[in-house]
2 protein chains.
Amino acid sequence: MFGRSLIGPLGEATLSEKSSRSEVVYKALRQAILEQALRPGTKLSEDTIADHFKVSRTSVRAALVRLNAEGIVDLRVNKGACVAEPTLEEARDIFALRRMLEAEVIRRLVADLDAAGVKRLQQHVRQEEAALTDHGPLSIRLAGEFHILLAELTGSQALTRFVREIVSRCSLILARFARLHSPECAVDEHVQIIRALQSRDTATAERIMLEHLDAVELRAELDTGKEEPDISAILQRYARKG
Amino acid sequence: MFGRSLIGPLGEATLSEKSSRSEVVYKALRQAILEQALRPGTKLSEDTIADHFKVSRTSVRAALVRLNAEGIVDLRVNKGACVAEPTLEEARDIFALRRMLEAEVIRRLVADLDAAGVKRLQQHVRQEEAALTDHGPLSIRLAGEFHILLAELTGSQALTRFVREIVSRCSLILARFARLHSPECAVDEHVQIIRALQSRDTATAERIMLEHLDAVELRAELDTGKEEPDISAILQRYARKG
DNA sequence: CGCGTCAATATTGTATACAATCATGTTGAT
DNA sequence: ATCAACATGATTGTATACAATATTGACGCG
């Protein structure tokens, strides 16, 4: 699949590590949610998921518990799991925190970022550009992973962890509220961020990042088109993606 | 929002909610770890825990997965769980992030904090003072919960979530590296923080918070006294604490 | 005496079975 | 026809059983 240059933005697993079954389910569900294939509010029936991954409910439950701990799945006692539905209030709260975290990332990178890091960023943006044609889930994911890559380049595991979580939740928010994900502008803005980082100008870099995040947030306008899709077809696609 | 003036800083469960068994195990283990009754590196055998709580391994595993997601338990495939052992490098990383998060908390509180909030803080400090006599696990926990309470008073769920997680991990760090937890000075510093917040002087309040965190971090000096305690006696105490 | 090999044991990973709770649709009375 | 009570089926919570892997200790060899 993707050789992910040892580890991609999402890859915590090191090579040669045999994924447990709950791990497989976890990753697939997570990806499906973040790519907005599974939309907020979608019921996640344990039996359905177990059947489609050919595993037992035990493994499914473990995955759901993890996703719940990350805040992208809601888990109500005796009523099962569903993709989290952030409220508008939560959305604003999360975006505010995201601005703070990513401003910190930028400040650290302006001080620290080396040529190798710039190269990785540019490489990532090239991937984003390549994915633009399909307007699909891939570009959605890559847009988020750019920010995670930025956090990783700070070298701070803790900061990366938080950025990863908050980016996930923002994806969920966009999935819920944004009319359409139009990632092309984002790629442009990502290029600008890289340039600002190279210029070593903290104020400018921070400003551009904040403007970028504002632009992302602006796309979140109420649009409560709701339906209950059957998740079978979706899981079909994610069962063998890894 | 919801009347959580009824519940303490750690309480997410609302009243009359029947705790599932894995929830009970989760809370007990978490508390035991944060009160440093279970020290970093301690093996958490599923069978042992299941026996002591009179539940099946299923429930125990669910709790361990959650704790792992919060970063206070390590989970290695086929090798079981143990209390996380943060390295010195991770410790510094986490404290740096903590300073940033809590500075943000202070900035928000200087702008927002009302009389009711001050009252809750003072009440909490009184609890801390009352707990000082026993020098025990209670004072350790209360010291951490003061910071969580501060975060809650900002009204930001997301910020609270992150502060809670990072305070947990800092407890773990202190458990691993600090020679002795001497919480009496902390209480004094907490009082100062409240005063600074009341003064509405952002710069001062932030400075005092950062000094406080530095003081906490300073206690973390290498001291690798290691032993493998049997966790039975410890779990005995936590099985009926809730 | 040190050290590697292998069997026996213990522990974890996963599946299945059972119990408890919830959702749904039917029946019957007003 | 409306609504309540109940029975039935579906879904989740928990326990147990089995399979896979790791740990331990004994044994034999150098």
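Computed over heavy atoms, backbone and side chain alike; hydrogens, waters and symmetry mates excluded. Below, chains carry the letters A, B, ... as their sequence lines are ordered, and counting in each starts from 1. These numbers were taken from a predicted model, which means no experiment stands behind them.
Using a cutoff of 4.0 Å between basic side-chain nitrogens and carboxylate oxygens, Arg30(B) and Glu23(B) are not scored as salt-bridged. The pair Arg161(B)-Glu165(B) fails the salt-bridge criterion, with no side-chain N (NZ, NE, NH1 or NH2) lying under 4.0 Å from an Asp/Glu carboxylate O.
Taking the side chain as every heavy atom from C-beta outward, Thr154(A) and Asp112(A) never approach each other to under 4.5 Å. The closest side-chain heavy-atom distance from Arg98(B) to His147(B) is below 4.5 Å.
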Atom pairs, N/O to N/O, protein against nucleotides 12-14 of chain C, distance under 3.5 Å?
from	atom 1	to	atom 2	distance (Å)
dT12(C)	OP1	Lys43(B)	NZ	3.4
dT12(C)	OP2	Glu46(B)	N	3.3
dG13(C)	OP1	Asn78(B)	N	3.0
dG13(C)	OP2	Arg61(B)	NH1	2.4
dG13(C)	OP2	Arg61(B)	NH2	3.0
dG13(C)	N7	Arg57(B)	NH2	2.9
dG13(C)	O6	Arg57(B)	NH1	3.2
dT14(C)	OP1	Arg21(A)	N	2.8
dT14(C)	O3'	Arg21(A)	NH1	3.1

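Arg21(B) pairs by the salt bridge (charged side-chain N to carboxylate O under 4.0 Å, His left out) definition with nothing, not counting sequence neighbours.
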